[in-house]
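Residue numbers start from 1 in every chain, and the chains themselves are labelled A, B, ... in the order their sequence lines are given, proteins ahead of strands.
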2 protein chains.
Amino acid sequence: MSLEAEVREDAADRLARLMGDVDEAKCAVKKLRSLTRVIEGDDLNAEVNILKAMGDPCRLAILKFLREGERCVCEMMIALNRPQSSISHHLSILKDAGLIKERKDGKWSYYRLSDGAVIEIINQVKLLEDE
Amino acid sequence: MSLEAEVREDAADRLARLMGDVDEAKCAVKKLRSLTRVIEGDDLNAEVNILKAMGDPCRLAILKFLREGERCVCEMMIALNRPQSSISHHLSILKDAGLIKERKDGKWSYYRLSDGAVIEIINQVKLLEDE
DNA sequence: CCGTCATATGAATGAACTTGGATATGTATA
DNA sequence: TATACATATCCAAGTTCATTCATATGACGG
């Protein structure tokens with residue numbers, strides 16, 4: 001039996017003891033695992049990447065800064081008061097996560113939010129924080 | 001001059017050169033810094049904590065699991081197939097961030113989402129991911 | 001082409017985080 | 001009071017991540 005299955009078995013045993021009735025417990029385990037499948041049906045990793053990308057002070061500040069519209073790197077350096085390599089690094093993480101889009105124009109790179117959902121997430125987080 | 005101020009000065013010089021006009025650049029810098037103040041006016045740290053708490057595969061799965069309602073630790077162990085110490089550890093992070101609430105009943109601890117905003121954030125993240 | 005400029009990338013360091021086993025805490029039951 | 005149990009906390013090890021200096025890339029102007 002795989003290690004993973006053992007872990008499950010252990011937990012299932014607990015539940016059986018908890019519920020008293022073994023058959024009932026088996027049924028409950030079945031239901032729980034079907035929920036697992038629903039959760040894992042989403043691409044958890046992609047979603048985690050988005051949240052991880054937003055979960056950094058510098059990057060969240062960048063996103064908030066971009067609510068106003070398109071901006072270039074040197075403006076962010078001033079507004080956020082960080083070295084260029086830091087801003088550039090964080091921008092690439094945000095871009096990889098699909099949160100922002102880039103437009104190159106000569107020497108300059110301009111960035112903007114890729115979707116209104118980003119603003120919506122920021123707003124909901126603020127709602128949560130205010131409670 | 002503080003290191004921080006030097007960084008700003010450096011970036012401001014860049015902008016001045018970029019815009020050609022020093023006075024115009026000073027004005028632009030002023031505007032950028034006022035935006036900074038707006039961004040930092042929010043409690044960035046609290047917001048980052050919320051996003052960081054959500055940005056982990058196990059914790060996001062827990063939150064999705066709790067969409068269905070109140071659950072105890074042993075159910076999460078089965079559904080997410082993780083050792084008890086891991087589930088417990090992640091629950092405490094989610095609780096500290098204010099994302100979930102706890103109810104103790106005898107030996108058992110039950111957890112639930114603390115606010116509908118959590119579900120809303122998860123939905124918006126999924127929207128972003130699907131694009 | 002050559003130097004300058006805006007931005008990206010590489011590399012090294014240190015801090016923060018996840019993980020899981022071991023142990024502690026606190027509750028119920030006999 | 002002693003035991004079993006659910007959950008929390010501790011600890012050590014491995015991993016990921018942010019930071020920033022140094023360097024590379026690629027575009028513009030002379």
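A straight line from CG of B:Leu91 to P of D:dT9 spans 11 Å, rounded to a whole angstrom. The interatomic distance linking A:Leu80 (CG) with D:dT20 (P) rounds to 13 Å, in whole Å. Taking atom CG of residue B:Asp96 and atom C1' of nucleotide C:dC17, one finds them 15 Å apart after rounding to whole Å. What separates CG of A:Asn45 from P of C:dT18 is a distance of 15 Å, to the nearest Å. Residue A:Asn81 contributes atom CG, which lies 13 Å from atom P of D:dT19 at whole-angstrom precision. The distance between atom NE2 of A:His90 and atom P of C:dT7, rounded to the nearest whole Å, is 16 Å. At whole-Å resolution of the value, CZ in A:Arg82 and P in D:dT19 are 5 Å apart. Atom CD1 in A:Ile87 sits roughly 16 Å away from atom C1' in D:dC21 (whole-Å rounding).
Take B:Arg103 and apply the side chain to side chain donor-acceptor pair (under 3.5 Å) test, not counting sequence neighbours, and it matches B:Glu70. In this structure, B:Glu68 has no side chain to side chain donor-acceptor pair (under 3.5 Å) partners at least two apart in sequence or on a different chain. For B:Glu120, the side-chain contact (heavy atoms from CB on, under 4.5 Å) criterion is met by A:Gln124, B:Asn123, B:Gln124, not counting sequence neighbours. In terms of the salt bridge (charged side-chain N to carboxylate O under 4.0 Å, His left out) criterion, A:Glu129 has no residue partners (sequence neighbours excluded). Residues satisfying the salt bridge (charged side-chain N to carboxylate O under 4.0 Å, His left out) test with A:Glu47, not counting sequence neighbours, are B:Lys64. Applying the side chain to side chain donor-acceptor pair (under 3.5 Å) rule to B:Arg112 yields no partners; only residues at least two apart in sequence or on another chain are considered.
For C:dG20, the base has no donor-acceptor partner in the side chain of B:Ser86 [N/O atoms by modelled type, under 3.5 angstrom]. Taking 3.5 Å as the limit, the base of D:dA8 and the side chain of B:Gln84 contain a donor-acceptor pair of atoms between them.
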| task | Encode nucleotides 24-30 of chain D as B, S and - characters from 5' to 3', where the letter depends on protein heavy atoms closer than 4.0 Å: B to the base, S only to sugar-phosphate, - to neither. | result | ---SS--
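Note on B:Tyr110: nothing from the nucleic acid sits closer than 4.0 angstrom, heavy atoms only. If you check every strand for non-hydrogen atoms under 4.0 Å, B:Ser88 touches a base.
Here the side chain of A:Ile93 is nearest to one of D:dT19, D:dA18, D:dT20, namely D:dA18.
Of all the residues in residues 46-67 of chain A, A:Lys52, A:Asp56, A:Arg59 reach under 4.0 Å from DNA chain D with at least one non-hydrogen atom.
Phosphate contact (OP1/OP2 of D:dA8, side-chain N/O of B:Tyr111, threshold under 4.0 Å): present.
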Which atom pairs, one a donor and one an acceptor, fall under 3.5 Å between side chains of residues 86-97 of chain B and the rest of the protein, sequence neighbours left out?
residue : atom : partner  : partner atom : Å
B:His90 : ND1  : B:Arg59  : NH1          : 3.0
B:Ser92 : OG   : B:His89  : O            : 3.0
B:Lys95 : NZ   : B:Glu102 : OE1          : 2.8

